[in-house]
Asks: 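This is the structure I want to talk about, given as structure tokens.
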Amino acid sequence: MLDIKFIKENVDTVKAAIKNKNEKADIDLILDLDEERRKTQYKYDVLRAEQKKVSQLIPQLKQQKADTTEILAEMSKISLDLKTISSDLNDLNEKLDSLLQWVPNIPHQDVPVGKDETSNKFLKEWGKKAEFNFKPLDHLALSEKNNLLDLKRVTKITGSGFVSYVGEGAAIERALINFMLDFHIKKHNYLELSLPVIVNRKSMYGTGQLPKLEEDMYLIKEEDFFLVPTAEVSITNFHQNEILSHKQLPLKYVSYSPCFRREAGSYGKDTKGLQRLHQFNKVEMVRLVKPQESYQTLEQMLIDAEDILKALGLHYRVVSLATGDLSFASAKTYDIEVWAPGSEKYFEVSSISNFEDFQARRASIRFRDENNKVKYVHTLNGSGLATPRTMIALLETYQQKDGKIDLPECLTSFI
RNA sequence: GGAGACGUGUCCGAGUGGCUUAAGGAGCACGCUUGGAAAGCGUGUAUACGGGUAACUGUAUCUAGGGUUCAAAUCCCUACGUCUCCGCCA
């Protein structure tokens, strides 16, 4: 959510952001409504002040046995007027609020402008594409050889777009999760949280998944609850509606969770194996920081995620997302893409974003600074990492000629 | 799922329709006092949106949303949450 004052003072910036992010939001209508709301609020305040003043006189008048018929009649009229005005005010607030929900965050000035991922900017890479003296297999062939996954039976339990890890496959996935969690906790000093993966509507608004992505979410109708598409939702909303002390900041959290995505609109895309799933596991990092620290923190979180791939010895590259590829709530995002030699493709395994105060405003997460001023925190999150695609790269990179997988030592100690 | 109790500020806690401008206490901050500390004393202590150069000031917020009333923390309805008991299930 953007501050209405900010919108008012930066109309052109906001309109440009909406256009560059391929969003639709009617800023002119918002400004008109805000003006009207302000006027209505003032009318209400004045009349209400009058009502309170006179109401306080009534008991005195009654005590003096004065005739209050006339004054009561007058007050009755004020009361009615107030009702009308306050219902207008409610309508205006509601309308304004629902429009503001659709205004995306402003991209940071460093973010390349462009309408889709073809404008993403290459930043750096680490390691080299693995080379083989035989023709490397892709992860599907490898998992078949080693019996790591079952992609057929799983459709009986649920349907397509789900995976079952079997035997050593399940062990590898579990090792990955434990390895990553441990790494962030011990080496990067994050605090582990284990939170619900079922959240209410308010939380989904808080982190900005709603209203835009409702179609992409699994909904539990009876309760109006959602399955989280990422642990970011649970972690960030952990502090929903709080005023923290500056002494508590920065907060660094890491959490493992399954993630649920309907992937509506991407049927038939990347359906092969582990590429795109309705349910997958992910280790997620979230930080709440003071505003002046957030961009430095973004760089640190990128390094935290990179460290995992380095430890696993997987070649990757980092790109900075263009405005059109940026998520609704993000001001700046780095994607880490890992190389999978058998598939001969880079796969996105991490997305690290700075939301500045966009989520903090929606979820109302504030802090009292050194001068006792209440300000919004900045929120950031990053995958560290998503397991299925990491698994693809892992299997394909460490395959041997005989089709066996020779896993790096950092993982085998977790198996 | 059934029955009941409860929900007040940072926390505890008073408050059954107007004398509440939410008492009182604790905590916290600052000051006085002290060689230093503690105790004591004094002062301050929410958030949001308006108005004003400012001191200051108007409105809203007692879980949330509705209702009754000239007037609601207080009465009524609904939702949510917490706790207790019962039932059911791990």
Asks: Treat a base pair as Watson-Crick or G-U wobble with both distances under 3.5 Å, then lay out RNA chain B in dot-bracket form, 5' to 3', with | for cross-strand pairs.
Replies: ((((((((.[[[..)..(.....]]]((((((.......))))))((((((....)))))).[[[[[..)....]]]]])))))))....

Asks: Considering only atom C1', compute the distance from U61(B) to U8(B) and round it to an integer number of Å.
Replies: 12 Å

Asks: Closest-nucleotide mapping onto RNA chain B: is D3(A) or Q56(A) further toward the 5' terminus? I mean the 5' end.
Replies: Q56(A)

Asks: Do the numbers put R389(A) on top of the ring of F347(A), so that NZ or CZ is under 6.0 Å from the six-membered ring centre and no more than 45° off the axis?
Replies: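 Checked: cation-pi criterion not met.
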
Asks: Using the C1' atom as the point on both nucleotides, what is the distance between C49(B) and G81(B), in whole Å?
Replies: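 Those two atoms are separated by 28 Å.
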
Asks: If you look at every strand shown and take non-hydrogen atoms under 4.0 Å, does E74(A) touch a base, only sugar-phosphate, or nothing?
Replies: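 E74(A): no heavy atom of the nucleic acid under 4.0 Å.
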
Asks: So where does chain A start and stop touching RNA chain B, 5' to 3', when the test is distance under 4.0 Å to a non-hydrogen atom?
Replies: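 Listing 5' to 3', RNA chain B meets chain A from G18(B) to A72(B).
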
Asks: Sub-3.5 Å donor-acceptor pair from the side chain of S203(A) to the main-chain atoms of V199(A), do we have one?
Replies: no

Asks: Indicate, with a heavy-atom threshold strictly under 4.0 Å, whether N241(A) touches base, sugar-phosphate, or nothing.
Replies: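 Result for N241(A) = nothing.
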
Asks: For the P atoms, the ones on G42(B) and on A26(B), what distance do you get once it is rounded to whole angstrom?
Replies: 12 Å

Asks: What's the gap between G17(B) and A22(B) when it is taken at their C1' atoms, as a whole Å value?
Replies: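 Taking atom C1' in both G17(B) and A22(B), they lie 15 Å apart.
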
Asks: Measuring only the P atom in each nucleotide, how far is G18(B) from A71(B)? A whole number of Å is fine.
Replies: 14 Å

Asks: Suppose you measure atom P in G7(B) against the same atom in A73(B); what distance do you get, rounded to whole Å?
Replies: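 About 15 Å, rounded to a whole number of Å.
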
Asks: May I ask you to establish whether R317(A) and Y346(A) are in a cation-pi arrangement, using a distance under 6.0 Å from NZ or CZ to the six-membered ring centre and at most 45° from the ring axis?
Replies: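 Yes.
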
Asks: Need to verify one output field. Residue with the more 5' nearest nucleotide on RNA chain B, R366(A) or N90(A)?
Replies: R366(A)

Asks: Under 4.0 Å, heavy atoms only, any strand: does V374(A) hit a base, just the sugar-phosphate, or nothing?
Replies: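 Sugar-phosphate contact only.
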
Asks: Could you check whether the rings of H188(A) and Y190(A) sit parallel, tilted or perpendicular, using 30° and 60° as the cut-offs?
Replies: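 Because their plane-to-plane angle is over 60°, the rings of H188(A) and Y190(A) count as perpendicular.
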
Asks: Has K212(A) got its NZ or CZ under 6.0 Å from the middle of the six-membered ring of F328(A), at an angle within 45 degrees of the ring axis?
Replies: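 Because its charged atom misses either the 6.0 Å distance or the 45° angle limit, K212(A) does not stack over F328(A).
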
Asks: Is it the case that the ring center of H378(A) lies less than 6.0 angstrom away from the ring center of Y295(A)?
Replies: no

Asks: Below 4.5 Å, heavy atoms only, C-beta onward: do I392(A) and D138(A) meet side chain to side chain?
Replies: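 The answer is no; the side chains never approach within 4.5 Å.
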
Asks: Run the side chain to side chain donor-acceptor pair (under 3.5 Å) check on S164(A) and D150(A) step by step: do they pass?
Replies: CA-CA 5 Å; S164(A) 54; D150(A) 192 324; 4.6 Å; no

Asks: Under the rule for salt bridge (charged side-chain N to carboxylate O under 4.0 Å, His left out), what residues qualify as partners of R37(A), not counting sequence neighbours?
Replies: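 In terms of salt bridge (charged side-chain N to carboxylate O under 4.0 Å, His left out), with neighbours along the sequence ignored, R37(A) is linked to D34(A).
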
Asks: Write down the distance separating the P atoms in C19(B) and A38(B), rounded off to the nearest Å.
Replies: 41 Å

Asks: Rounding to the closest angstrom, what is the interatomic distance between C80(B) and U47(B) at atom P?
Replies: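 So the two P atoms sit 32 Å from each other.
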
Asks: Determine the contact category for K83(A): base if any of its heavy atoms lies under 4.0 Å from a base atom, sugar-phosphate if only primed atoms, P, OP1 or OP2 are that close, otherwise nothing.
Replies: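 Since only primed, P, OP1 and OP2 atoms lie under 4.0 Å of K83(A), the category is sugar-phosphate.
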
